[in-house]
Structures are given as structure tokens and as C-alpha cells.
Protein chains: 2
Amino acid sequence: MFVRIDLESDVPIYTQLTNQIMEGIATGELQPGEALPSVRSLAADLGINLHTVNKAYTILKDSGFIQIHRQKGAVVQSGGMPPADDAYKERLAEALRPMAAESLGRGMSLEDWLTICRASFEQLKAKREGRPI
Amino acid sequence: MFVRIDLESDVPIYTQLTNQIMEGIATGELQPGEALPSVRSLAADLGINLHTVNKAYTILKDSGFIQIHRQKGAVVQSGGMPPADDAYKERLAEALRPMAAESLGRGMSLEDWLTICRASFEQLKAKREGRPI
DNA sequence: TATGTGTTATATATCTAATATAACAGTTGG
DNA sequence: CCAACTGTTATATTAGATATATAACACATA
């Protein structure tokens, strides 16, 4: 697995896991229909508890990025990813606001800001496109 | 004061406070040299504890957005705001990554993403420029 | 029938968030 | 000088989040 957990980070382990799996899905490193490791095996691999992995899986299931077949395991969503609807865009804008405020406060220009935003997105997109489907 | 606290939010109160004061500074609603309310009066206004306000003030002081004169109170930084140096830009990019990943996963294009990023920044910037110095 | 899924249920330890009091050091206004 | 106001420090308590440890359950399947 490609997951790396930082136990020193102040970001909760289940959040790190959720983010990295989501990133894997976004970049195509994890293909639709592809099986994720079982909660027990991934927990063992990472040296963490089964429930911590389960919490990440549950979050991803609830937001629609994976499916969980009760006796078969977790699988990357194959019936289309959840849409970027208005509700999501609003949540996104809300989350971006404090960052935009701090950047503006530190004297960044709109161009500075957009450069970093663009880089963050393109980096992931490039990863996906450099990958066979 | 312009601060609104949402007690139902899962965002900690001191973080909400920190963000809103930072936003006030970024938009110019709070001018350099301007005094902030004392920890006790702001806490009373918002119906929260003095230490919660103090925590927000301490974070803003440590990051360089306000100064604290021990017996005079908290004042918006007048000696220049902290810069958007490489360390900050790296932290920013790191924080943006999970959001970019989810947006990409949900099928947003680079243009969709940049539109929302631009709007978040411009909204604050416009507020600042529509304000006399 | 044994094994491997996710799930549920308890229990525990540790840390964060928030509150409640109280006191201290130093400035400032009456 | 004295009362009032700053931030600061200290202690204690409550509630919740995070993470772990065990154990058991329901269900499919090899």
C-alpha cells in the first residue's frame, strides 16, 4: 500500500488515512472497482488499530467514494464518484476562506494565491493522466 | 465587534475566533494599531470563557498578526504583517492538497477549481478595497 | 466447517477544548 | 495613593475526541 502515517502529526490518523485514500482515488492510483485492504490487514500493515482504519473507511463510504460489501470488503466506488454539487462547492469555499484570508493578510497577490492553488490541483491531475486506464 | 461564534460547529471556538480576527485584519476591518477588546470584555460579549479568547489572541500573537502590550492590551500589528515566505507557502500547499484531491475526485475541472479559489480570495480583497485607509 | 469480511459493543488511556476561580504583576486614571 | 484595568499564570473540573485493546456477532465462501 502507498499509505504513510505520521504519528507525530497533529492531524488525526484516521484523517491522514482518509485523505491519502481519497488522493489515491483522485489520481487513479486506486481504480474504480479495485479492492482496498481489509481493515484488519491495513491496520496491521500500518501498526495501528482496526477501528482507526474502520473510521476512515466509514467516512469514505458515507461520502460516497467507496462501497463496502459486508462480507467481501471495501471497494473503490464503481458507480460514479459523488458529484461536485452546490452543497460541496459551498463547503469548499467555506474551508478555503480562512486560508485566503491569511494569505491576503500576509500580502499575497491574487496571482500568488492562484499560482499555489493551481499547482496543488495540477500536481494531482498530472499524476492521474500519466497513468494508464 | 463583528465576531459571530457558532457553538454547534465542530470547529473549535478559539479557531473560529482566530479565523475571524485574521479575516478582519486581512480585509482592513481591523486597521494596524487598532486595539482589540480585552480578553475579558470580548469573552463576556460572546458569552465564552476568558481563556478561550486568550488562546486565540496568543495564536495570533505567535504568528505575528497582533502585538500584546502586557498592561495595555492586544493591538493589531503595526510594524508590518508577517510575510508569505516559502515556509508559509509550503504549509498552504499542504493544506490545499486534500481539498484539491476531493475536488478532482468529484470530477471538477481545473477551471472549476480555480473559479472557487479566485472567488474566495477576491471576495476578501474587494472588501478591503472598498474601505478607506 | 473453518476462515475472512465488516460491524457492534465495552472498556480504557490520553489528549484537546472549554469552563470556573483565583491570584499575580504592572500600568493608568481619579 | 488607590481602585480599576491589562495580560498572565496556576489549578481544577467537565466533556468530548482520538486511539487502543478485546471480544463477539452475522454472513458469505472456499
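Numbered from 1 within each chain, the chains take letters A, B, ... in sequence-line order.
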Applying side chain to side chain contact (heavy atoms under 4.5 Å, CB included), name anything that partners B/Ala93, two or more places apart in sequence or on another chain.
A/Ile116, A/Ser120
Could you give the CD1-to-C1' distance, from B/Ile13 to C/dT19, as a whole number of Å?
10 Å
Between C1' on D/dG7 and CG on B/Asp62, what's the gap in Å once rounded to a whole number?
14 Å
Restricting to pairs with a member in residues 66-118 of chain B, which pass ring-ring contact (aromatic ring centres under 6.0 Å, His included), not counting sequence neighbours?
A/Phe121-B/Trp113
How many angstroms lie between atom CD of B/Glu122 and atom CG of A/Leu104, to the nearest 0.5 angstrom?
11.0 Å
Below 4.0 angstrom from OP1 or OP2 of D/dT20, is there any side-chain N or O of A/Thr52?
yes
Counterpart residues, salt bridge (Lys or Arg N to Asp or Glu O under 4.0 Å), relative to B/Arg97 (two or more places apart)
A/Glu23
Separation between OG1 of A/Thr52 and CG of A/Asn49, rounded to the nearest 0.5 Å
5.0 Å
Would you mind reading off the distance between A/Leu7 atom CG and D/dA19 atom P, rounded to a whole angstrom?
9 Å
Counting primed atoms plus P, OP1 and OP2 as sugar-phosphate and everything else as base, spell out the protein contacts along nucleotides 24-30 of chain D at 4.0 Å heavy-atom distance: B, S or - for each nucleotide, 5' to 3'.
B--BS--
Report the distance from atom OH of A/Tyr57 to atom C1' of C/dT5, rounded to the nearest whole Å.
12 Å
Does one side chain, of B/Thr18 or B/Thr15, offer a donor that lies under 3.5 Å from an acceptor on the other?
no
Could you check A/Ile68 against A/His51 and say which one's nearest nucleotide on DNA chain C is further toward the 5' end?
A/Ile68
A/Ile48 side chain: which of C/dT19, D/dT20, C/dT7 is closest?
D/dT20
Testing A/Val75, A/Leu36, A/Thr58 one by one against A/Ile66 for a side chain to side chain contact (heavy atoms under 4.5 Å, CB included), which residue passes?
A/Leu36
Across nucleotides 11-16 of chain C, 5' to 3', mark each nucleotide with B, S or - according to how protein heavy atoms within less than 4.0 Å reach it.
------
Side-chain contact test, heavy atoms from C-beta onward, threshold under 4.5 Å: evaluate it for A/Pro98 versus B/Met22 and give yes or no.
no
Separation of atom CD1 in B/Ile59 from atom P in C/dA18, rounded to whole Å:
10 Å
Rounded to whole angstroms, how far apart are CG on A/Asn49 and C1' on D/dT22?
10 Å
Rounded distance in Å - NZ (A/Lys61) to C1' (C/dG6):
9 Å
Could you check how far CG of B/Leu36 sits from P of D/dC5, rounded to whole Å?
19 Å
Counterpart residues, side chain to side chain contact (heavy atoms under 4.5 Å, CB included), relative to A/Arg70 (two or more places apart)
none
